[in-house]
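What follows is one structure encoded as structure tokens, with my remarks underneath.
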Amino acid sequence: MSEKPEHFIVDGKRLDGRSVDELRPIKIELSPLDRADGSCYLEWGRNKIMAAVYGPRELHPRHRQNMTKAVVQYRYNMAAFSVDDRIRPGHSRRSIEISKVGRDAFEYVVFTKFFPKTAVDIFIEVLQADAGTRTAGINAASLALADAGIPMRGLVSACAVGKVDGEIVLDLMKEEDNFGEADVPIAMTAGGKITHLQMDGNLTKEEFYEALKLAKIGCDKVYKLQRQALIEKYNGEYAENGEDAMPQARIGDADE
Ligand code: UDP
């Protein structure tokens with residue numbers, strides 16, 4: 001693990017040169033996997049994440065089926081080589097927790113009642129980690145679900161906010177995440193409905209509301225990139241197949 005820096009912010013700039021309300025660069029590639037129903041490769045700073053979605057497909061064993069809705073399953077996994085110290089393969093308390101909160105982030109948005117007895121499976125593979133992998137995973141999963149054509153209320157967009165050197169900052173890098181005063185990963189719909197919120201560390205009530213406001217700004221920026229990636233891929237494909245093939249639904253604004 002790296003050492004705790006003496007200062008996180010010097011002359012208004014963070015350790016990697018960003019301002020307090022700036023995201024790390026995000027790169028999105030849709031459908032990189034041939035065998036998944038939907039997939040997304042996402043880079044966020046030095047994080048590298050692959051998301052694959054399968055389904056809706058019959059859920060086995062059958063006693064786990066829900067007669068009234070689809071079951072959303074989410075598996076977050078870190079590759080052994082994704083961090084400096086090799087990670088032991090298999091489940092850990094951390095991966096079980098992140099898988100649970102990842103699933104919860106999508107329960108509300110996926111129209112599960114359309115597909116009783118089935119499962120929608122979301123797999124997140126962290127290939128390289130540098131803080132913020134749970135939020136990067138949620139962003140990639142959201143796009144992989146859309147890529148698989150799973151009906152949803154809208155996209156889910158996520159980012160972390162936190163506190164370093166007494167200031168509220170957007171999108172924590174590794175040193176800020178590991179040694180900062182607070183880390184608050186948040187996911188929300190385009191309409192601002194929060195589907196995931198965790199908090200590590202301490203914030204006053206005022207700081208918490210300031211952090212929420214900054215998270216909304218961050219999630220809006222992520223949402224624009226997600227939407228752009230979908231439009232670039234599918235507008236191109238629909239243009240080739242003729243205008244009539246373009247679906248009428250709008251992306252990410254069906255909150256109610
Ligand atoms: N990390 C690590 N080894 C681990 C778990 C995490 O090196 O076993 C690093 C990794 O870079 C990760 C960061 O610590 O992204 C922060 O981890 P955290 O549990 O806060 O989750 P994240 O911020 O990735 O969602």
Review point. Can you list the residues that meet the ring pair (Phe, Tyr, Trp, His ring centres under 6.0 Å) rule with Phe114, with sequence neighbours excluded?
Key: Phe111
Exercise for review: Compute whether any side-chain donor of one residue and acceptor of the other, for Tyr209 and Glu207, lie under 3.5 angstrom apart.
Suggested key: no
**Study point:** Flag, side chain of Ser39 to backbone of Leu33, donor-acceptor distance under 3.5 Å
**Key:** yes
Review point. So, Lys163 and Glu176, do they make that salt bridge, N to O below 4.0 Å?
Key: no
Exercise for review: Verify whether one side chain among Thr133 and Tyr76 offers a donor that lies under 3.5 Å from an acceptor in the other.
Suggested key: yes
Check your understanding: How far does CG of Leu23 sit from CH2 of Trp44, to the nearest 0.5 angstrom?
Key -> 6.0 Å
Point to revise | Shared hydrophobic cluster for Met152 and Val156 (ILVMFWY, side-chain gaps under 4.5 Å) | key: yes
Review point. Any side-chain donor paired with an acceptor under 3.5 Å for Asp104 and Tyr74?
Key: no
Practice item. Please determine if Arg14 forms a cation-pi arrangement with Phe8, meaning its NZ or CZ atom is less than 6.0 Å from the six-membered ring centre and no more than 45° off the ring axis. Key: no
Check your understanding: In terms of side-chain heavy atoms, does Gln198 have a donor or acceptor partner in Glu97 at a distance below 3.5 Å?
Key -> yes
Point to revise | Short N-O contact, Arg18 and Asp171, less than 4.0 angstrom | key: yes
Check your understanding: Does the Asn47 side chain pair with the main chain of Asp130, one donor and one acceptor, at a distance under 3.5 Å?
Key -> yes
Practice item. Starting at NE2 of His196, measure out to CD of Glu107 and round the result to the nearest 0.5 Å. Key: 15.0 Å
Check your understanding: Taking all non-hydrogen atoms of both residues, which atom of Ile186 and which atom of Ala215 are closest, and how far apart?
Key -> CD1-CB, 3.6 Å
Point to revise | Residues, nucleotides or ligands: over 12 heavy atoms within 6.0 Å of Lys221 NZ | key: yes
**Study point:** Phe208 and Met199, any side-chain heavy atoms less than 4.5 Å apart
**Key:** yes
**Study point:** Note, Leu170 side chain near Val20 side chain (heavy atom, < 4.5 Å)
**Key:** no
Check your understanding: Is there a path from Ile96 to Ile87 through hydrophobic residues (I, L, V, M, F, W, Y) whose side chains come within less than 4.5 Å of each other?
Key -> no
Exercise for review: Determine, for Lys216 against Asp220, whether the closest basic-nitrogen to carboxylate-oxygen distance falls under 4.0 angstrom.
Suggested key: yes
Exercise for review: For Ser19 and Lys13, test the side chains for any donor-to-acceptor distance below 3.5 angstrom and give the result as yes or no.
Suggested key: no
Review point. Below 4.5 Å, heavy atoms only, C-beta onward: do Val126 and Asn77 meet side chain to side chain?
Key: no
**Study point:** Qualifying residue, where the test is side chain to side chain contact (heavy atoms under 4.5 Å, CB included) with Pro5 and the options are Leu15, Val164, Asp165
**Key:** Leu15
Check your understanding: Is there side-chain contact between Lys233 and Glu29, with at least one heavy-atom pair below 4.5 Å?
Key -> no
**Study point:** Side-chain donor/acceptor of Ser99 to backbone N/O of Arg75, under 3.5 Å
**Key:** no
Review point. Side-chain contact, heavy-atom cut-off 4.5 Å: Asn66 with Pro116?
Key: no
Revision key, fill the gap. Asp85 and Val83 have their tightest heavy-atom pair at O-CG2, 2.9 Å
Exercise for review: Group every Ile, Leu, Val, Met, Phe, Trp and Tyr by side-chain heavy-atom contacts under 4.5 Å, then state whether Met188 and Leu214 land in the same group.
Suggested key: yes
Exercise for review: Please step through side-chain contact (heavy atoms from CB on, under 4.5 Å) for the pair Val184 and Leu203, ending with a clear verdict.
Suggested key: CA-CA 10 Å; Val184 188; Leu203 294 176; 3.9 Å; yes
**Study point:** Separation of Leu212 CG from Ile194 CD1 (nearest 0.5 Å)
**Key:** 5.0 Å
Review point. Which pair of heavy atoms, one from Ser157 and one from Val222, lies closest together, and at what distance?
Key: CB-CG1, 4.0 Å
Point to revise | Least distance between heavy atoms, Ser82 atom then Met78 atom | key: OG-CB, 3.8 Å
Practice item. Measure the spacing between CZ of Arg134 and OG of Ser95 and express it to the nearest 0.5 Å. Key: 11.0 Å
Would you be so kind as to tabulate the donor-acceptor pairs closer than 3.5 Å made by side chains of residues 48-63, with sequence neighbours excluded?
unit_1	atom_1	unit_2	atom_2	d
Arg57	NE	Asp121	OD2	2.9
Arg57	NH2	Asp121	OD2	2.8

Review point. Which atom names give the shortest non-hydrogen contact between Ala211 and Ile168, and what distance separates them?
Key: CA-CG2, 3.7 Å
Point to revise | Beyond-backbone contact of Leu143 with Leu230, side-chain heavy atoms, under 4.5 angstrom | key: yes
Review point. With Gln226, which of Ile231, Leu155, Leu30 fulfils side chain to side chain contact (heavy atoms under 4.5 Å, CB included)?
Key: Leu155
**Study point:** Pair Met67-Lys117, side-chain contact (heavy atoms from CB on, under 4.5 Å): steps then yes or no
**Key:** CA-CA 5 Å; Met67 293 302 129; Lys117 300 194 220 170; 3.9 Å; yes
Check your understanding: Linking I/L/V/M/F/W/Y whenever any side-chain heavy atoms sit under 4.5 Å apart, do Tyr234 and Tyr223 land together?
Key -> yes
Practice item. Check step by step if side-chain contact (heavy atoms from CB on, under 4.5 Å) holds for Leu42 and Asn139. Key: CA-CA 8 Å; Leu42 186 139; Asn139 291 328; 4.0 Å; yes
**Study point:** Side chain to side chain, Lys224 and Arg227, heavy atoms closer than 4.5 Å
**Key:** no
Practice item. Would you sort out whether Thr195 and Phe106 count as a side-chain contact (heavy atoms from CB on, under 4.5 Å), showing the intermediate values? Key: CA-CA 7 Å; Thr195 67; Phe106 289 101; over 6 Å; no
Review point. Hey, is the main chain of Tyr108 close enough, under 3.5 Å, to the side chain of Arg153 for a donor-acceptor pair?
Key: yes
Check your understanding: Should Arg46 and Gln128 count as side-chain neighbours, where that means a heavy-atom distance under 4.5 Å?
Key -> yes
Practice item. Would you give the length of the straight line joining atom CD of Glu210 to atom CD of Glu206, rounded to the nearest 0.5 angstrom? Key: 10.0 Å
Review point. Arg24 side chain to Leu172 main-chain N or O, any donor-acceptor pair under 3.5 Å?
Key: yes
Review point. How far does CD of Glu167 sit from CG of Asp21, to the nearest 0.5 angstrom?
Key: 10.5 Å
Point to revise | Closest heavy-atom pair and its distance - Ile124, Gly137 | key: CD1-O, 3.4 Å
